[in-house]
S.K.: 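So that we are looking at the same thing, I have put the structure below in structure tokens.
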Protein chains: 2
Amino acid sequence: MAGVKDVARLAGVSVATVSRVLNDSAPVTEATRVRVLAAVDELGYRPNAVARSLRTDTTRTIGLVIGDILNPFFTELARAIEDEARASGYSVVIGNADERPERQDHYVRTLLEQRVDGLLLCPTAQITPLVRDVVSGGAPLVFLDRTLPGLDVPTVRADGTAAIGALVSHLAGLGHRRIAFVSGPALLSTGRERTAAFTAALRTAGLPVRPEYLEAGDFQAASGRAAAARLLDLPEPPEVIVAGDNLMTLGALDEIRARGLAVPGDVGIASYDDVPWFTHVDPPVTAIGQPVQELGRRAVRALLERIGGRPVEPVVLDARLVVRRSCGEPGAQGNESEGSGRP
Amino acid sequence: MAGVKDVARLAGVSVATVSRVLNDSAPVTEATRVRVLAAVDELGYRPNAVARSLRTDTTRTIGLVIGDILNPFFTELARAIEDEARASGYSVVIGNADERPERQDHYVRTLLEQRVDGLLLCPTAQITPLVRDVVSGGAPLVFLDRTLPGLDVPTVRADGTAAIGALVSHLAGLGHRRIAFVSGPALLSTGRERTAAFTAALRTAGLPVRPEYLEAGDFQAASGRAAAARLLDLPEPPEVIVAGDNLMTLGALDEIRARGLAVPGDVGIASYDDVPWFTHVDPPVTAIGQPVQELGRRAVRALLERIGGRPVEPVVLDARLVVRRSCGEPGAQGNESEGSGRP
DNA sequence: TTGTACGCGTTATCAG
DNA sequence: CTGATAACGCGTACAA
């Protein structure tokens with residue numbers, strides 16, 4: 001493959017000049033400029049980013065390690081992050097941790113070796129030694145969606161406390177008293193926080209906190225299904241199940257349907273996370289939506305600040321309740337007409 | 001950051017020896033070996049992949065350019081590809097073309113500059129000059145999901161001809177005669193092929209081919225919705241709408257629901273592409289599923305072959321019909337109990 | 001405005 | 001088995 005040297009020879013200039021016109025890092029005569037560009041074109045020259053990075057010690061690349069690429073929440077997040085990064089001239093390398101610490105570590109290690117300029121990490125439940133190293137090593141790092149206890153890293157996330165409060169009071173207003181919650185891993189901030197908000201909201205609404213209604217899953221569909229099974233097997237099953245993320249909601253729905261139960265007649269369901277297809281489920285699922293686009297944007301901006309060596313404040317946005325009809329809400333039989341089509 | 005040189009000094013050996021133990025590219029005394037490893041550990045040395053790549057002219061990285069990261073089909077595909085690649089010691093860098101040729105080109109260019117060892121490309125509708133260059137440039141390249149006319153590139157894809165035939169005959173068996181099809185872009189092989197298979201199937205089933213029932217979308221939800229609107233506005237609207245991918249199905253469902261129509265009573269729907277949530281729609285959506293996992297695996301293997309300089313045969317797998325209840329199929333009221341939870 | 005020459009961190013070659 | 005050293009392709013002082 002052609003290199004600067006070839007271009008230089010063909011254009012009859014030195015490699016330095018070629019480099020200068022390619023990066024316009026110094027004034028160059030218009031005449032030589034066009035000669036160089038012509039040579040570039042003729043040879044189909046493609047700058048070698050590897051060599052450039054070695055020299056400049058910067059890759060214009062950020063790493064993104066997400067929890068689960070099959071989870072639409074992360075997918076939307078990745079999309080937003082990509083868009084924002086591209087606008088700033090950065091590429092994004094995505095690693096899918098699949099919620100497994102060892103796989104997260106694999107990608108963190110790989111990305112670090114590839115010398116990404118910074119790292120956006122949705123940390124898995126356990127703090128691995130590697131992550132601890134990276135934190136203390138001072139590489140530009142921003143946590144996304146989740147915090148880890150005891151680690152001093154700027155985090156960009158949504159807070160669902162208010163929305164969960166609104167949900168519980170919505171449910172109480174509907175006359176429900178037996179409300180169950182399927183949380184994420186207790187080690188995850190998103191797991192703990194949502195559970196805490198839920199029990200607090202229960203108390204505020206004057207409802208009892210029944211331990212048997214507090215289930216824990218791992219943010220995967222299978223665990224949501226298992227948790228729903230345990231809840232429905234209870235002597236006094238809940239009237240409504242609130243699942244801690246969209247995948248566990250999917251799993252819970254599976255279990256409910258497999259038992260031939262009606263929603264919301266036999267049991268209601270609500271979800272933390274909102275996804276496009278919730279509108280099409282029968283009945284449409286009441287959910288708590290996060291400002292995903294904004295989350296992605298802010299995360300990239302925060303990371304770029306860190307890369308620039310500037311300090312960064314944590315970012316906390318609010319989630320919001322989207323009432324539909326899966327919890328026994330009164331309302332028209334027909335679907336509301338939220339469009340899923342992007343313009 | 002520490003380099004081989006630092007490690008060498010600390011271990012009291014030469015850089016060459018350090019390199020040798022790190023890559024075990026040559027026999028090394030056990031004693032020096034442990035000394036080097038100790039030094040690596042002590043310094044928290046992380047090999048610089050950039051420098052390594054510059055020297056070895058290989059990045060152990062493949063590029064993947066997908067059509068749309070918000071489309072679950074591509075998401076699953078990406079997941080499968082990643083798994084297979086990782087198993088072979090490769091990283092995957094994903095670029096999201098968002099079905100836009102210029103964005104596809106952006107990523108192709110970027111990935112090429114980053115010197116990925118090979119490229120997996122789901123080409124957008126138009127053949128761009130860049131893609132043509134790459135093809136003739138001889139970089140290891142495999143098309144995925146879609147072919148482009150007139151380009152000699154190995155392709156890994158699923159063929160839906162048989163499945164579409166099965167779907168149409170299934171619909172005809174149900175007594176439907178007015179069946180509409182919303183295809184993808186005619187420029188895309190997946191668009192053309194599915195349309196051709198559909199009309200052929202119509203003929204085989206002895207049904208008339210009515211041009212007003214042949215709509216074209218762009219594989220995005222909005223276009224599915226618009227197409228459905230046009231079809232439902234027809235003086236004699238179709239009994240069943242078959243959408244060419246899962247996003248257009250989503251859009252069509254939006255339109256149907258917005259009009260307060262019942263599925264399948266007023267109009268039936270079927271989808272090319274199967275996604276987990278189809279099970280939860282009311283009624284569950286009859287669909288054509290592609291062997292996504294296998295597609296991903298085969299694509300990676302094919303690309304690795306090409307990277308190894310070996311020739312590759314095109315791979316064509318079969319899609320299959322999954323009958324559910326959105327087209328007026330008789331059957332139990334309750335849902336079938338397909339689980340969405342992965343084990 | 002342009003050219004020469006060095007070095008980025010590795011691996012590979014060639015002597016020892 | 002080990003060490004010294006030349007590349008890899010590029011950016012950038014420094015000199016002209």
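Note that this is a predicted model, so its numbers are computed, not measured. Proteins come first, then strands; the chains are lettered A, B, ... in the order of their sequence lines, and each starts at number 1.
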S.K.: Identify, with sequence neighbours excluded, every residue that meets side chain to side chain contact (heavy atoms under 4.5 Å, CB included) alongside A:Asp57.
M.R.: none

S.K.: Using whole Å, report how far CZ of A:Arg52 lies from C1' of C:dG9.
M.R.: 18 Å

S.K.: Could you state the atom-to-atom distance from CZ of A:Arg115 to P of C:dC8 in whole Å?
M.R.: 14 Å

S.K.: Distance check needed: D:dG9 P versus A:Arg9 CZ, whole Å only.
M.R.: 12 Å

S.K.: Tell me the interatomic distance from A:Arg55, atom CZ, to C:dG7, atom P, rounded to whole angstroms.
M.R.: 10 Å

S.K.: So which nucleotide from D:dA4, C:dG9, D:dC10 ends up closest to the side chain of B:Ala16?
M.R.: D:dA4

S.K.: Want to settle it: does A:Pro47 or B:Ser14 sit nearer the 5' end of DNA chain D, counting the closest nucleotide to each?
M.R.: B:Ser14

S.K.: Can you check the B:Arg46 CZ to C:dG9 C1' distance for me, whole Å?
M.R.: 16 Å

S.K.: Given C:dT10, C:dT2, D:dT2, identify the nucleotide with an atom nearest to the side chain of B:Thr17.
M.R.: D:dT2

S.K.: Does the side chain of A:Leu37 reach to within under 4.5 Å of the side chain of A:Val21, using non-hydrogen atoms?
M.R.: yes

S.K.: Run through B:Asp133, B:Leu141, B:Leu121, B:Thr128 and flag the one making a side-chain contact (heavy atoms from CB on, under 4.5 Å) with B:Val108.
M.R.: B:Leu121

S.K.: Taking the side chain as everything from C-beta on, heavy atoms only, tell me whether A:Ile94 gets closer than 4.5 Å to B:Ile69.
M.R.: yes

S.K.: Could you tell me whether B:Val13 contacts a base, only the sugar-phosphate backbone, or nothing, with contacts defined as non-hydrogen atoms closer than 4.0 Å?
M.R.: sugar-phosphate

S.K.: Find the distance A:Arg60:CZ to D:dC10:P and express it as a whole number of Å.
M.R.: 18 Å

S.K.: Of all the choices, D:dG9, D:dA4, C:dT10, which nucleotide is nearest to the side chain of A:Leu54 once you look at every atom?
M.R.: D:dG9

S.K.: Which of residues 18-33 of chain B have a heavy atom under 4.0 Å from DNA chain D?
M.R.: B:Arg20, B:Pro27, B:Val28, B:Thr29, B:Thr32

S.K.: With the side chain counted from C-beta on, respond yes when B:Asp98 and A:Arg79 share a heavy-atom pair under 4.5 Å apart, and no when they do not.
M.R.: yes

S.K.: Distance-only, no hydrogens or angles: does the A:Arg192 side chain make a donor-acceptor pair with backbone N or O of A:Leu187 under 3.5 Å?
M.R.: yes

S.K.: Does a side-chain N-to-carboxylate-O contact under 4.0 Å join B:Glu305 and B:Arg310?
M.R.: yes

S.K.: Which whole-number value in Å describes the distance from B:Gln114 CD to D:dC10 P?
M.R.: 15 Å

S.K.: In whole angstrom, what separates A:Lys5's NZ from C:dG3's C1'?
M.R.: 14 Å

